Amino acid sequence: MSNTGNSRKRPPPPASSQHPQQKHHAAMEDDEGDEDNYYLDETPLPLNKEDTQALREAEERLQKWKRPPLSQLYTSQSQSIVFQQLEIDYVIGESHKELLPKSSGVAPILRIFGVTKEGHSVCCHVHGFEPYFYISCPPGMGPDDISRFHQILEGRMRDVNRNSNVPYFVRRVELVQRRSIMYYQQQNSQPFLKIVVALPTMVTSCRGILDRGIQIDGLGLKSFMTYESNILFALRFMIDCNIVGGNWIEVPVGKYIKKAKNLSYCQLEFDCLYTDLVSHVPEGEFSKMAPFRILSFDIECAGRKGLFPEPIHDPVIQVANVVTLQGQDQPFVRNVMTLKSCSPIAGVDVMSFDTEKEVLLAWRDFIREVDPDIIIGYNICKFDLPYLIERAKVLGITEFPLLGRIINSKVRVKDTTFSSRQYGTRESKEVTIEGRVQFDLLQVMQRDYKLSSYSLNSVSAHFLNEQKEDVHHSIISDLQNGNSDTRMRLAKYCLKDAYLPQRLLDKLMFIYNYVEMARVTGVPISFLLSRGQSIKVLSQLLRKAKQKNLVIPNAKQAGSEQGTFEGATVLEASAGFFEKPIATLDFASLYPSVMMAYNLCYCTLVTPEDMRRLNLPPEWVTKTPSGDTFVKTNLQKGILPEILEELLAARKRAKADLKEARDPLVKAVLDGRQLALKISANSVYGFTGATVGQLPCLEISSSVTSYGRQMIEHTKKLVEDKFTVLGGYEHNAEVIYGDTDSVMVQFGVPTVEEAMNLGREAADYISGTFTKPIKLEFEKVYYPYLLISKKRYAGLLWTNPNKFDKMDAKGIETVRRDNCLLVKNLVTECLHKILIDRDVPGAVQYVKNTIADLLMNRVDLSLLVITKGLTKTGDDYEVKAAHVELAERMRKFVKDINSGC
DNA sequence: CCATCTCCCTAT
DNA sequence: TGAGATAGGGAGATGG
């Protein structure tokens, strides 16, 4: 039935209705003929021998693919260029003679790729921004010393980089006033040396030299601590120009120079100075999204029987494409390129070719013509893209990998491994397509959702309630070797696989959420999928530090030798089945609020030596429960607290605006923003505790957790001391469990409503005993509540006294992905019987029946399948046939249920 | 049969 | 050169 849904659909309305600008311009201009067209030149036409017909079709397709033509205002350069930037990289090139008359030789040139609000593609070459870093200036260094230091450093750089041919390595050494972000310091600033080098890679080699130490007359071998020397050049540029990922940039009239000869396929391409860029804060008009082009594609290969396709052997037989303008709900291009003939499909451009080479080149030309800003798909980064490139190499099609926006520049493939505790170790291929953002929905799903299967089929079923076309991979080759109709069936399947990622993108609002995350944290959109969490915090920290004239030392020196620190308290669980309502009290954003309340930061931390040396009045400092000391705000306001305040205030604003907003697109932006702000605030603590990260500071993280431990104990005590019969209440309250930032309280009252009232009273009363902005909130009631052990419980969740919201289970088999379905279903059913039907004997009987079924082989084998290797993709299952063993486990489960009552 | 360890996955 | 944190339950392996 999903099948008919797709093929029944009429072809999309003509481009004009989807793309008003295009209609407008198409009416005024008629330059179809004089456009010299490499698509037609290079690519043999489809099989179809009725030439004129085929030509006309190809021409029509081309027109539909193209971007709207530039208006007079652009071509005459009489207006500023405003565009939403999606990607920034840099190349090494000759210094621009006109923009930088005083410079010569090679220099880094930043390239900003983006889209205007009319949908024009932009490539902006930015000149004049130089790579640099800092070192602290040895005391008493005068101008002469600095210039001597410069010469020595230049010499050492020359030794190390023998093969480079630049006129000089170290362009300047400037004396500047800065302050290290580490530790509270009384002086406002100190002398630092800003070392400006010729090329970004030289920052690394220069840092190496300074780390190891250099000979300086009179001082001997001296090594220097470097600051901000490991920031990627494009990010450095963004930070210094106040550019955040996905924001709008304006280049004013007269400040840009159109390239005499374009280097890219972009419609607007020009050079400018970095100082002339105007970066717009993403608010109001500038919070909108440009109509960028999103290509979703999928390939099919004819694998050999039972084997996974390999590019060395197996041909690419189909490529399906769906192109959508951001903000619209229907694609404006749907096509499929097939090897051998294929019957027509309604609403789809079917292009058939005789050879695989033609298929590949047709796709390359399509990419060039339709010029997507974002390329999406399912597992494209690890499969489709590397496969196409490998396959073209095998076939000797050297002109294939020209998929980027830079003319004659081939895509680069690199093997990378990404390993983190959060995402596990993942090997993958990194395919660089210049100027286009890759957004692999598989990666996104794996980062954002915990699922038991990440196959496109199961993900689509879960989120879209839609399945793939029913084509098993084992019959793909047979379909290909059949006739036009079997290949059409395959093409429909391929198209659906290209369309589903786009549907997921829309349904889960990934564009809004990711662009907002990029804007909030300041990193390019591509970092969000290719990098970890910490780069986002670092980006914010660097921006804030820059405003305050602070510089950030490089990790190694920052005192990260301590290893590990103590985490949160989990209160002892009074396991059992509770038939009176349990109220839950939670600290709102516990760790962020602790950091704000006690001004915990790198720059407020006082070392033990400084404690003795500075003689600070005790009332001006805070000694945390972990024994570390931080100054209070009157001496120095922490920048982490400041970042957190801004994030949380911005979240409040976003949520308020969200309430007011009516436009669904605006709402999507705002919701994405408030989510990004929340996640960002919560990851600051993790950043300070990441011992293998950029700037670990265990004094901060262990202080945070030590306050947390103190607070949960304090809360438990206060509840149990105040809510007593002696204190005038009807029952003695009892804290039966609590984890990190929450306590579960049995007030002893019989109704949900009474438990809610007492919960609110307790939250208000206890909040009053904490430093602002720490706040304890009443959140919900569990009734009844089954507490199995620490981190394992279930209950009916109530947020209003009239009816329960849902059954909530934590840590139990039902929410774990390492159990077979039989166990999951069984436990779910038992919980249902126990909590909702209040029928414990029924639950026990149910388990006994299931055991009997199991022992007599009466259960579906597929229920005994467990997934293994969840980080792997695809449906990789292993049947666990140990029935008896499983039955044993279930008997234990019956015992647990009985003891729980 | 038990301590003790690793691995996996979850709670917060 | 790139990676948020710790606490904790449960299964299974290992070693006596």
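Just so it is clear, the model here is predicted, and its values are computed rather than measured. These numbers come from the heavy atoms of this one structure, side chains and all, not from hydrogens, waters or symmetry mates. The chains referred to below are lettered A, B, ... by the order of the sequence lines, with proteins before strands, and numbering in each begins at 1.
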Side-chain donor-acceptor contact under 3.5 Å, A/Tyr782 with A/Asp808: yes
Give the rounded distance in Å between these two atoms: CZ of A/Phe527 and C1' of C/dA3. 14 Å
Classify the ring geometry between A/Tyr90 and A/Phe233 as parallel (under 30°), tilted (30 to 60°) or perpendicular (over 60°). perpendicular
What is the distance from CG of A/Leu590 to P of B/dA11, rounded to the nearest Å? 18 Å
Separation between CG (A/Leu677) and OG1 (A/Thr521), nearest 0.5 Å, reads 10.0 Å
Output yes when at least one side-chain N/O atom of A/Lys791 is less than 4.0 Å from OP1 or OP2 of B/dT10, else no. no
As a test of reading the structure: which of C/dA3, B/dT10, C/dG4 is closest to the side chain of A/Tyr685, going by heavy atoms? C/dG4
Under 4.0 Å: is that the gap between some side-chain N or O of A/Tyr793 and OP1 or OP2 of B/dT12? yes
Salt-bridge contact A/Lys717-A/Glu713 (side-chain N to carboxylate O under 4.0 Å): no
Just one of A/Thr204, A/Ile209, A/Leu210 clears the side chain to side chain contact (heavy atoms under 4.5 Å, CB included) bar with A/Arg207, so which one? A/Thr204
Angle class for the A/Phe770/A/Phe587 ring planes (parallel below 30°, perpendicular above 60°, tilted otherwise)? perpendicular
Starting from P on B/dT12, measure out to NZ on A/Lys780 and report it in whole angstrom. 7 Å
Spacing between A/Ile788 atom CD1 and B/dA11 atom P, to the nearest angstrom: 12 Å
C1'-based separation of C/dG4 from B/dT12 [nearest Å]: 14 Å
Using a 6.0 Å distance limit plus a 45 degree cone around the ring axis, check whether A/Lys810 lies over the aromatic ring of A/Tyr793. no
Atom CG of A/Asn230 and atom P of C/dA3: how far apart are they, to the nearest Å? 11 Å
For DNA chain C, the expected dot-bracket line (Watson-Crick or G-U under 3.5 Å, [ ] crossing, | inter-strand) is ....||||||||||||
OP1 or OP2 of B/dT10 under 4.0 Å from side-chain N/O of A/Arg817: yes
Quick check on DNA chain C: between A/Glu572 and A/Asn682, whose nearest nucleotide comes earlier from the 5' end? A/Asn682
As an exercise, state the distance from CD1 of A/Ile774 to OG of A/Ser767, rounded to the nearest 0.5 Å. 9.5 Å
Given B/dC8, is OP1 or OP2 found less than 4.0 Å from the side-chain N or O atoms of A/Arg816? no
Does C/dA3 have its OP1 or OP2 closer than 4.0 Å to a side-chain nitrogen or oxygen of A/Arg531? yes
From C-beta outward on A/Phe418, which listed nucleotide comes closest to its side chain: C/dA3, C/dG9, B/dT12? C/dA3
Which nucleotide wins on minimum distance to the side chain of A/Asp741, given the candidates B/dT12, C/dG4, C/dG9? B/dT12
Of the nucleotides C/dA5, C/dA7, C/dG9, which has the atom closest to the A/Glu566 side chain? C/dA7
Should the pair A/Arg792-A/Glu813 be classified as a salt bridge under the 4.0 Å nitrogen-to-oxygen rule? yes
Once you round it to whole Å, what is the distance between C1' of C/dT1 and CG of A/Asn554? 10 Å
Measure from CG on A/Leu644 to C1' on C/dG4 and round the result to the nearest Å. 14 Å
If you measure from CG on A/Leu529 to OH on A/Tyr514, what distance do you get to the nearest 0.5 Å? 5.0 Å
Counting any heavy atom closer than 4.0 Å, what does A/Gly567 reach on the DNA or RNA strands: base, sugar-phosphate only, or nothing? sugar-phosphate
Does the pair A/Arg412/A/Glu430 count as a salt bridge with the N-to-O cut at 4.0 Å? no
Give, ordered by number, those residues of residues 533-542 of chain A having at least one heavy-atom distance below 4.0 Å to an atom of DNA chain C; if nothing qualifies, reply none. A/Gln533, A/Ser534
As a test of reading the structure: which of C/dA5, C/dA7, B/dT12 is closest to the side chain of A/Val570, going by heavy atoms? C/dA7
Side chain of A/Ser789 only, please: which of B/dA11, C/dG10, C/dA5 is the nearest? C/dG10
How close or far is atom C1' of C/dG2 from atom CD1 of A/Ile231, stated in whole angstroms? 15 Å
Which one, C/dA5, C/dG9, B/dT10, comes nearest to the side chain of A/Val815? B/dT10
